Number of protein chains: 2
Amino acid sequence: MRYLVKSFKALSDETRLRILNILLERECCVCEVMQALDISQTRASRNLSALYDAGFLKLRKDGLWSIYSIDREGMKKYLPDLVEAVAKELEGNKLARQDRERLKKAERVGPGCVERIRNIAPAA
Amino acid sequence: MRYLVKSFKALSDETRLRILNILLERECCVCEVMQALDISQTRASRNLSALYDAGFLKLRKDGLWSIYSIDREGMKKYLPDLVEAVAKELEGNKLARQDRERLKKAERVGPGCVERIRNIAPAA
DNA sequence: GTTATAGATGCGGATTAACGCATATAAAGA
DNA sequence: TCTTTATATGCGTTAATCCGCATCTATAAC
């Protein structure tokens, strides 16, 4: 039961649902999540970790980058239709749509990627 | 999105999952929930309200009793298989099994039902 | 080795959640 | 009306959560 509680807890946060939303589009490194959601590095990293700990994300390292992606098997563990339900619910959401738009312009290339964003990202 | 967060939040608590578990067996008044989970009146009432506010329960009044039951439509709103998933996960859980056992002996009849339980229910 | 950089994390403060205690509310009966 | 009783709720305390700041870690290039 503890695992079930943990899973639901991971899903009961707006930031984390927004992260799932953009990861449904494509895999992302931390700095891309920062750009897409317009949030700080700490916040992106922490919430990605929470989703990872709950078994919803896969992590792949590529040089300095930590690249997270949806773990569809993990998301199906308790609820077979969880992926679709989240996607469907966020489809019509304004904030989620904005995130997806910003994601298109987000990129991990270019020096000082995080440093640049660090100053841009507001406290939110 | 706020509603989705609220729904997951309602599910991310052990007490509330235990309540769903026994309500899957049958409808219950507050004092039966107290007996089945061996918790205080405040705790039972508050967590039932939380599940009700999230749209997972139906409420029917019968005299002094507030009788809560699973709202299957409400539980299917976002996740069609939520009811089954919770039931299945709690099936093999020790605590959940104990609750179901105590539920069999729980009853709402008899004077001083709550008063009696008030003194029995530990802080937990 | 040194430096630069992406990401993780310890700490502290602010917000929120959970629960017990006491009390309020409301239905039923006398 | 007055009492009893099942449930709801305001308040205060404790614990958990979230996040920013600063710092640490680890990879990569030089």
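Numbers restart at 1 for each chain; the letters A, B, ... are given by sequence-line order, proteins then strands. Keep in mind the model is a prediction, meaning the values are calculated, not measured.
- Summarising the geometry, the separation between CG on A/Asp13 and C1' on D/dT17 is reported as 9 Å, rounded to the nearest angstrom.
- Taking atom CH2 of A/Trp65 as the reference point, atom C1' of D/dA26 lies 14 Å away to the nearest angstrom.
- When the P atom of D/dG20 is taken as reference, atom CD1 of A/Ile39 falls 8 Å away, rounded to whole Å.
- Across all strands shown, B/Tyr52 has no heavy atoms under 4.0 Å from either base or sugar-phosphate atoms.
- Of the residues in residues 15-25 of chain A, those lying under 4.0 Å from DNA chain D by heavy-atom distance are A/Thr15, A/Arg16.
- One atom, CD of A/Gln41, and another, C1' of D/dT25, lie 12 Å apart when rounded to the nearest Å.
- Residue B/Ser40 has a polar side-chain atom (N or O) positioned under 4.0 Å from OP1 or OP2 of C/dG20.
- Between the CG atom of A/Leu51 and the P atom of C/dG7 there is a distance of 16 Å, given to the nearest Å.
- Considering CG of B/Leu57 and OH of B/Tyr68, their distance stands at 8.0 Å, rounded to 0.5 Å.
- Nucleotides of DNA chain D nearest to B/Arg46 and B/Val30 differ in position, and the one nearer the 5' end is that of B/Val30.
- A/Lys9 has its NZ atom 11 Å from the P atom of C/dA17, to the nearest Å.
- When distances are taken from the side chain of B/Cys29 to each of C/dG20, D/dA22, D/dT7, the shortest belongs to D/dT7.
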Look for any protein N or O under 3.5 Å of an N or O in nucleotides 25-30 of chain C and output each such pair with its distance, or none.
none

Exercise. Run the numbers on B/Phe8 and B/Tyr78 for side-chain contact (heavy atoms from CB on, under 4.5 Å), then give the verdict.
Key: CA-CA 10 Å; B/Phe8 285 130; B/Tyr78 300 115; over 6 Å; no

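- Checking D/dA8, D/dT9, C/dA8 against the side-chain heavy atoms of A/Tyr68 singles out C/dA8 as nearest.
- The CG atom of B/Leu48 sits 11 Å away from the C1' atom of D/dA8 (whole-angstrom rounding).
- At least one side-chain heavy atom of B/Leu48 sits less than 4.5 Å from a side-chain heavy atom of B/Leu23.
- In the set D/dT7, C/dG20, C/dT9, C/dG20 carries the atom at the smallest distance from any side-chain atom of B/Arg43.
- The residue A/Ser45 sits close to a base: some heavy atom pair falls under 4.0 Å.
- For the atom pair A/Leu24 CG and A/Ile70 CD1, the distance stands at 4.5 Å (nearest 0.5 Å).
- OP1 and OP2 of D/dT17 both lie 4.0 Å or more from every side-chain N or O belonging to A/Asn47.
- The line from CE of A/Met34 to OG1 of A/Thr42 is 8.0 Å long, rounded to the nearest 0.5 Å.
- The side-chain heavy atoms of B/Ile22 and B/Glu32, taken from C-beta on, include no pair separated by under 4.5 Å.
- Within the structure, side-chain hydrogen bond (donor to acceptor under 3.5 Å, both in side chains) pairs that include any residue of residues 14-24 of chain B comprise B/Thr15-B/Arg43, B/Arg16-B/Asn47, B/Arg18-B/Asp99, B/Asn21-B/Arg100 (at least two apart or interchain).
- Using a 4.5 Å heavy-atom cutoff, the side chains of A/Phe56 and A/Leu82 are in contact.
- Contact record, A/Ala54 with A/Ser7: O-OG, 4.2 Å, taken as the closest heavy-atom pair.
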Exercise. Could you check B/Lys58 against B/Glu27 for salt bridge (Lys or Arg N to Asp or Glu O under 4.0 Å), going step by step and ending with a plain yes or no?
Key: CA-CA 9 Å; B/Lys58 281 185 293 190; B/Glu27 62 172 24; over 6 Å; no

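- For B/Met34 and D/dT5, the CE to C1' distance is 12 Å, given to the nearest whole Å.
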